[in-house]
Colleague: 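Below you will find the structure I want to go over with you.
Sequence lines set the chain letters: A, B, ... in the order given, protein chains first and strands last, and positions in each chain run from 1.
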Amino acid sequence: MLSRIFQDIGLMSAIGVILALIMVLAQRWLSNYGEVTININKKRDLVVTGGNSLLSSLADKQIFIPSACGGRGTCGACKCKVLEGGGPILPTEKPQLSKEEMADNIRLSCQVKVKSDIAIQIPEEIFNIRRFHSVIEEIIDYTYDIKGVTFKLEEGQSIDFKAGQYVQLETKPYGKVKQKAIRAYSISSKPEFNNRIQLIIRLVPEGICTTWVHTALKVGDKVDFTGPYGDFYLRDNDADILFVAGGSGSAPIKSMLEHLREVGTSRKMTYFFGARTTKDLYLGDEMRDFEEYFDDFTYVPVLSHPTEEDNLQGKTGFLMPYFKEAIRDPKNTEAYLCGSPGMIAAVTKSLINDYGIAEGKIYYDSFG
Amino acid sequence: MARMQPGVITYSGFLGKDIRDYGQIIADDEMVLEELGKSAEEIADRLEFFQQMSFDAFEASTMVEKIYDVNTEVVRGYLPCPFMHQGVYRKSYTTVTNTKSGKSFTYSALNIHLIRVHHFFEGKESHFRLEPRELVAELF
Amino acid sequence: MEISAFVLFWAAIFTGNILLTYFLGMCSYLSISKEIESAFGLGIAVAFVLIVTSALNWLVYYYILFPFGIVYLQYIVFIIVIAAFVQFLELVIERYTPALYYSLGIFLPLITVNCAILGVGLFMIIRKYSFIQTLAFSAGSGIGWLLAILMLAGIRRKLKEKMVPAGLRGAGISLIITGIMALGFIGFSGIVQIQ
């Protein structure tokens, strides 16, 4: 009897083991694509292990294609041109690609699996994007819902960016949040500080990252981020500058002003900052310092929802009418706008139609 | 469902303290809508109308139809829809206040989509839960 | 068993429909029947897995379990074979037809726990079918299951859920509809009996 039991157990186990072996072999043989080559811009060849997405294969080699959703196929930020290879377009890519893009071989790099040799084309700026490890050095409370957080880079790391660019922060699990999230924030400190960056982060209702920053993050915590990204940056010339920002859009402007202070400039600059009430104004002291330091810099806060007291003192309502004082020669004026698409559209329209500034001289960083 | 849980797309998720599953929440709200005689599409259109009025005023505070105070905040980034399909929605948060009754509603661009396409108003006590009954009473 | 494979095939679709007569495979049937495209996809996947795993299980039963006298372990062994095959299928599809993987791939784990698959495997043993009979029977069962889920999906699409009393919406009305379909299929039973 007992020997019969053991025999049967043995047989059962044998069947199980044989099936498991078959599965392991199948996995090895079917999911193993060996080493494949990714050719970039017809210049560089990378050898990677096949089977992973293009996005992660490149990230493993320290080439970071922007991605806001972490590779889930929902943001469309990771588009890149595939010259050869890559297989047929997948159903998960189609919603994010237009007909022209599909005809031009643009693919979502987070969905394309690298199973065989592939050749891609990516903009040169991407090579400057790196992953950084940092430690929180300082957290400043600017207002009731805005904090300025300074991230000090690990020893030996340095970041090379232009004032106006942004980074992508990675949150860590906390509270009821079990996964990490990736969110973008403009750098608010000057590029001359290349071993630390400051980000201005405003608490957004139900925001995974901003709630993390405002409730869980402490000085000394370790945080990773990638960057720099973006083509919003200060142009080097003599033109007059109009800065326009709303809410947390002040971050890139602050970076630009600090940079200009560092390199010196005699350009005429005016900074229109749109906020709701006086409670939402911040960096006032820094702006007054700039006014004293620069030859010709004026800080103009404009409130959109002023309370009784506010109305008596500062400027209120729409920003546009106040531009008149700031523009002396539309042909020699540049504008840098950072904020919501609505604000940017309105301001751009007004600058072009009412003030005669060239469309090509209006640079913006839109939130939406 | 997984994408509606806290911490996946939004901090508290879409289900609030509700013990029903999302299918049941949708079914119950649809019954209320039927009773009120308004379709989810009509509500979504109305919410979008207020959002558009706000965008036209460049997100400053604006009075619509003399009794509604509307304003919108937009922040960087976008949210995917928790239902299994592609598409992302701007992080624009619109607040509409009926100045006569004082009642206020806040919703995002994603909410408009959830209501229009999925008839989903979010779970009880979720941050952006909109009660169909209140919406119909106050906004029309 | 004397029934010809050809007759078995048709009987498995109509008179002995694995879902409408034996009520096996209900869970995924109820949840995926909301849309016709996914119902069709799942149905095809179930049919395919059904045919292959039934054949595999037949071989395992008569060449391994029976000779070694461990037929009482058939329940466990059949399930393991089904699970392994589905996993294997997923790997193959992912490698060779990635587009198919993205549209059907999510259904594959659902299929492993579909009791219709184990059910067909056990029926072929109880009724002592030969290999050819097993192939015909499982093919018919698969197509029968596909037919049932397509019919329910089609009916649900046309159904005005608003007219259904609140308590019956969703699973309740689907089960009632399935019961009515089953009653309808009883009408076929005069053609041939395979019990």
Colleague: With A:Glu206, which of B:Ser12, B:Ser126, B:Ser108 fulfils side-chain contact (heavy atoms from CB on, under 4.5 Å)?
Modeller: B:Ser12

Colleague: Can you confirm whether more than 12 heavy atoms, excluding those of A:Tyr363, are under 6.0 Å from its OH atom?
Modeller: yes

Colleague: Does CD belonging to A:Glu359 count more than 12 external heavy atoms closer than 6.0 Å?
Modeller: no

Colleague: Ignoring hydrogens, what is the shortest heavy-atom contact between A:Ile208 and B:Gly7? Give both atom names and the distance.
Modeller: CD1-O, 3.3 Å

Colleague: What residue in A:Pro205, A:Gly207, A:Gly274, A:Ala181 has the most heavy-atom pairs under 4.5 Å with chain B?
Modeller: A:Pro205

Colleague: What heavy-atom pair brings A:Arg276 and B:Thr72 nearest, and what distance separates the two atoms?
Modeller: NH1-O, 4.2 Å

Colleague: Decide yes or no for B:Arg76 and A:Asp365: does some side-chain heavy atom of the first lie under 4.5 Å from some side-chain heavy atom of the second?
Modeller: yes

Colleague: So for atom CG, which belongs to B:Asp45, do other residues, nucleotides or ligands contribute more than 12 heavy atoms lying within a distance under 6.0 Å?
Modeller: yes

